[in-house]
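Below, chain A is the first sequence line, B the second, and so on; all start at residue 1.
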Protein chains: 2
Amino acid sequence: MTTPLSERRQAQLAALIDAAERRIAEGGMANLRARDLAADIGIALGGLYNIVADLDELALRVSSRTLGRLGEALTAASDALPLRTKDDAVTRLVAIAHAYLHFARDNLLLWRTLFELRLAEGTALPAWAADDQLRLFRHVAEPLTLLVPDMDETRQVLAARTLFAAVHGIVTLGLEERLVAVPLTALEAQIEWLVRATCRGLRE
Amino acid sequence: MTTPLSERRQAQLAALIDAAERRIAEGGMANLRARDLAADIGIALGGLYNIVADLDELALRVSSRTLGRLGEALTAASDALPLRTKDDAVTRLVAIAHAYLHFARDNLLLWRTLFELRLAEGTALPAWAADDQLRLFRHVAEPLTLLVPDMDETRQVLAARTLFAAVHGIVTLGLEERLVAVPLTALEAQIEWLVRATCRGLRE
DNA sequence: TGCTTTTGTTGAACATCGTTCATTTCACTC
DNA sequence: GAGTGAAATGAACGATGTTCAACAAAAGCA
């Protein structure tokens, strides 16, 4: 299917993704312009389309990198903590949620583009992009299996999704400056409160 | 500041918002093109800019209408239920959350544009648009004051925001077809579970 | 080295946007 | 009917993403 890329192409692709990442971090997806990117990496305008099918693919590749970094951030937050007791599980879930908040805040525009991607309709998400997402869920799922080991797995997965989504919602609206700005510490407190409340609900 | 609009202008504006709403409902904000809209309401291209400053303002006006309809939907879900006991409050909060889910599902593209609005930086949200948002929070705040009357008001408002945001997150990710599609009934169940768990957490 | 073929690069050109504005048309008054 | 101000018009402008015929560079080969 995909022919192996020459070393040169690899380097061009990496440079292109670097440039795109920089531009998105500065001004969001609206700041991703073909002519600017071509100038950034020193190639002609048309040359972009030898490296990447279109700008959407480029945004997708940047997003994949962002997802990777997000995963690392969650891993770092997880691995620092023990995971033996059920209380450990709760503490870890709180830590993961807080790490999510901080990543989103520190990488605001890159994080937002994760959810602004609109694939040309009909085309499905590439497999490598879907994998990145599943890896994230596992961070939440792992403590959950310790917390409620008797629950069947489909319910556990569903609970992980729900918890993740709820935290995501708080972060999303909390970082929306359109509304009243919420202080970071207040957001942290509300997230912790919600995670603990739902964990208590899970344990019955 | 704003001169009173002639009757003719009012009618044109209404027709324009109608057309824009129809186009967004069909294909999202990407489907909002000046030439199409002008053709829809039978005026010349340039005439659009006598009715509306730019397409962003038009999208904002459509969003205002959408927020209004969303408010009505939440009101309808609320008013059908009594609000005397604390259990009533929980039941009502669940009903509101379910109504939110159904509205989002039934008005998917219009609902999404509520959050896709990017104001030209520096310009603040018009007051009439901010009011619409506050009205929504009141739907959640009202049952909450019954549920935890001893809590000081700032905490209550924060709790309402958090609950709203959490439900919003579940709905957002649940309706994202990019990931695995979640059945509607499963979403309903997860929302109800989360709302009840957080309410239990509130009551201590 | 010279010739051919393949591969990679270029930038002008195209299509499609939102937005502007000089010109024209219209409605109304005296 | 002439004059005047408001409203509507659509050609034109500047961005933008994308394509492709022409060009250049590299690689294979004698």
Is any side-chain N or O of B:R8 closer than 4.0 Å to OP1 or OP2 of D:dA8? yes
Taking only the side-chain nitrogens and oxygens of B:Q12, find out if one of them lies under 4.0 Å from OP1 or OP2 of D:dA7. no
Using a 4.0 Å heavy-atom cut-off across all strands, classify B:R35 as base, sugar-phosphate, or nothing. base
Salt-bridged, A:R203 to A:D87, with N to O below 4.0 Å? yes
Between B:A34 and A:G47, which has a closest nucleotide on DNA chain C that is more 5'? A:G47
Integer-rounded Å distance: C:dG8 P and A:N50 CG: 8 Å
Given C:dT9, D:dT16, D:dT18, which nucleotide is nearest the side-chain atoms of A:R9? C:dT9
Heavy-atom nearest nucleotide on DNA chain D for A:L32 versus B:I43: which residue maps closer to 5'? B:I43
On DNA chain D, nearest-nucleotide positions of A:D36 versus A:A53: which is more 5'? A:D36
What nucleic acid atoms does A:L45 come within less than 4.0 Å of, heavy atoms only: base, sugar-phosphate, or nothing? base
Whole-Å distance separating the CG atom of A:L48 from the P atom of D:dG17: 9 Å
Regarding A:R61 and A:E57, does a basic nitrogen lie under 4.0 Å from an acidic carboxylate oxygen? yes
Would A:D18 and A:R65 pass as an ion pair if we require N to O under 4.0 Å? yes
Rounded to whole angstrom units, what separation is found between the CD atom of A:E57 and the P atom of D:dT18? 11 Å
Indicate, with a heavy-atom threshold strictly under 4.0 Å, whether B:L37 touches base, sugar-phosphate, or nothing. nothing
Of the listed nucleotides D:dT16, C:dT19, C:dT10, the one nearest the side chain of B:Y49: C:dT19
Between the side chains of B:E192 and B:R196, is the shortest nitrogen-to-carboxylate-oxygen separation below 4.0 Å, so that they form an ion pair? yes
Kindly say whether the aromatic ring centers of A:F115 and A:H168 come within a distance under 6.0 Å. yes
Across the strands shown, which category fits B:L58 at heavy-atom distances under 4.0 angstrom: base, sugar-phosphate, nothing? nothing
